[in-house]
Amino acid sequence: MIDYAPLEVWFLTGSQHLYGPETLERVAEHSRAIVDGLNGEGGLPVRVVFRPVLTTPEEISGTLGDADADPSCIGVVAWMHTFSPAKMWIGGLTRLRKPLCHLHTQFNRDIPWSSIDMDFMNLNQSAHGDREFGFICSRLRLSRKVVVGHWQEPAVRRRLGVWMRAAAAWHDSQRMRIARIGDNMRQVAVTEGDKVEAERRFGYAVNGYGVADLMERVDAVTEKQVDALCEEYADSYALMQGLEKDGAKHGSLREAARIEAGLRALLEEGGFHGFTDTFENLGRLRQLPGIAAQRLMADGYGFGAEGDWKHAALVRTMKVMAHGLDGGTTFMEDYTYHLDPSDPAILGAHMLEICPTVAAGRPSCEVHPLGIGGREDPVRLVFDAATGPAVNASVIDMGTRFRLVVNTVGVIEPLEALPKLPVARALWKPRPDLETAAEAWILAGGAHHTSLSLALTPEHLEDFAAIAGVEFLLIDDETDVRVFRNELRWNDAAYGRIAPLP
Ligand code: MN
């Protein structure tokens, strides 16, 4: 349900008529060579499309308008090979609604010392042409990414690729639909928020459905569908004793399968990309959805527990950004601390709903009592998370703006076995250390719910926040709480008013 194949990024080259047709032909030639190079050498997740060189305000406005209108164009990359007087760009740029990346590069990597003359200088002017373009973008207060370096350098491609992933997630966010099944967990503050502002800001729509809507689909599930799903569970996971066919607890597995099939039908019928549920609104559901939520997440759906639609959307957005990369992405919750001063760590988990894309091995499919929600024992997948560097991200509603808080963490193996813990879990060490990270996170008001990704880096989330025009706070190896406190203060001044749309 996530596909980059139809997406494209437009490559725009700015120039002017002053240089005459011969120079403009060379500019177009070089620009095509860069586009072919970017597409040909691999590494970029989205196809780059060459557009004719822009030399007049009318061409610029026309092309940027076309980019906005084209449903497969997810953003534009701009480069000024020569000098392109930037007043020509005002009309087009002020109306542009798609993400913008300014690639500050030069066709020739090196100065040809023995042959350089004024013709060469007049053709290779991005060192100052791109500064003119930078000025107008700053003057217009445009949020954009600036990538600097020769276009053949791996680091340039890497940063361009990160931005493309953020642009793809932004594109997805404009069409995203979240089904909020049941409401919020009663009295919980951080999972609340302004759904109207979220739709204006991020594009995604959150709409409520009763559990009765879900029950209609669950009731319509056939025994044959249940049989097939139970077989799939048996093939994919290590079934706990008793859950197998003819086992004493096989009925629980069948009920879990029925819920998964019903939930999937509701989401598919409505064209949804994510959903929430809450243990306080379960209606006639016999189990809190566990394995269902886990497997739907693995298929690319966003999920938030306890009505947490902001994290359902964030999980989906991060799954779109991480498409095709190694490492999984999941809904998560900071659950319990290990506060041994010599080896502090955070144990993350949830009641049930951790995505098996982060599993280290083959998950175990188990059924255990759940002391909350007052329903039958729910079936869930139990596993330890894969280890490695990861980002833990949270989005909160500050009233005047959304704030995205990101912490770099290292997921590690559990220090000891956890034989009695009946849920999927991840143990991690937050950067720079637990005390600093947790102090900064709490000062920032970051939620207990997060989206954890072993595939993404802070740059992906920073690029996405810049495109969305939302506040971005990073807690990493550089974090100093005193400086961080000031950043919070300054951001409150900067975002005191309703922030402008991107
Ligand atoms: Mn929770």
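We use all heavy atoms of the structure for the numbers below, so side chains are in, but hydrogens, waters and symmetry mates are not. All ligand and atom numbering here is 1-based and tracks the order in the structure.
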* To do: Just give me the atom name: the N, O or S atom of Glu306 closest to the Mn ion (ligand 1).
  =>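 Glu306's closest N, O or S atom to the Mn ion (ligand 1) is named OE1.
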Does this structure show an ion pair linking [X] with [Y], if we count only N-O contacts that are shorter than 4.0 Å?
| X | Y | value |
| --- | --- | --- |
| Lys145 | Asp463 | yes |
| Asp492 | Arg401 | yes |
| Arg200 | Asp194 | no |

* the Mn ion (ligand 1): angle it makes with NE2 (His449) and OE1 (Glu333), nearest 10 degrees ->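 The NE2/OE1 angle about the Mn ion (ligand 1) sits at 90°.
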* Asked: Do any of the N/O/S atoms of His350, backbone or side chain, fall under 2.8 Å from the Mn ion (ligand 1)?
  ->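 Under 2.8 Å: His350 contacts the Mn ion (ligand 1) through an N, O or S atom.
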* Residue Asp308, metal the Mn ion (ligand 1), N/O/S under 2.8 Å ->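 Here the distance criterion (N, O or S atom, under 2.8 Å) is not met by Asp308, so no.
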* To do: Would you tell me whether Glu366 and Tyr237 have side-chain atoms, one donor and one acceptor, within less than 3.5 Å of each other?
  =>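 Absent: no donor and acceptor within the cut-off.
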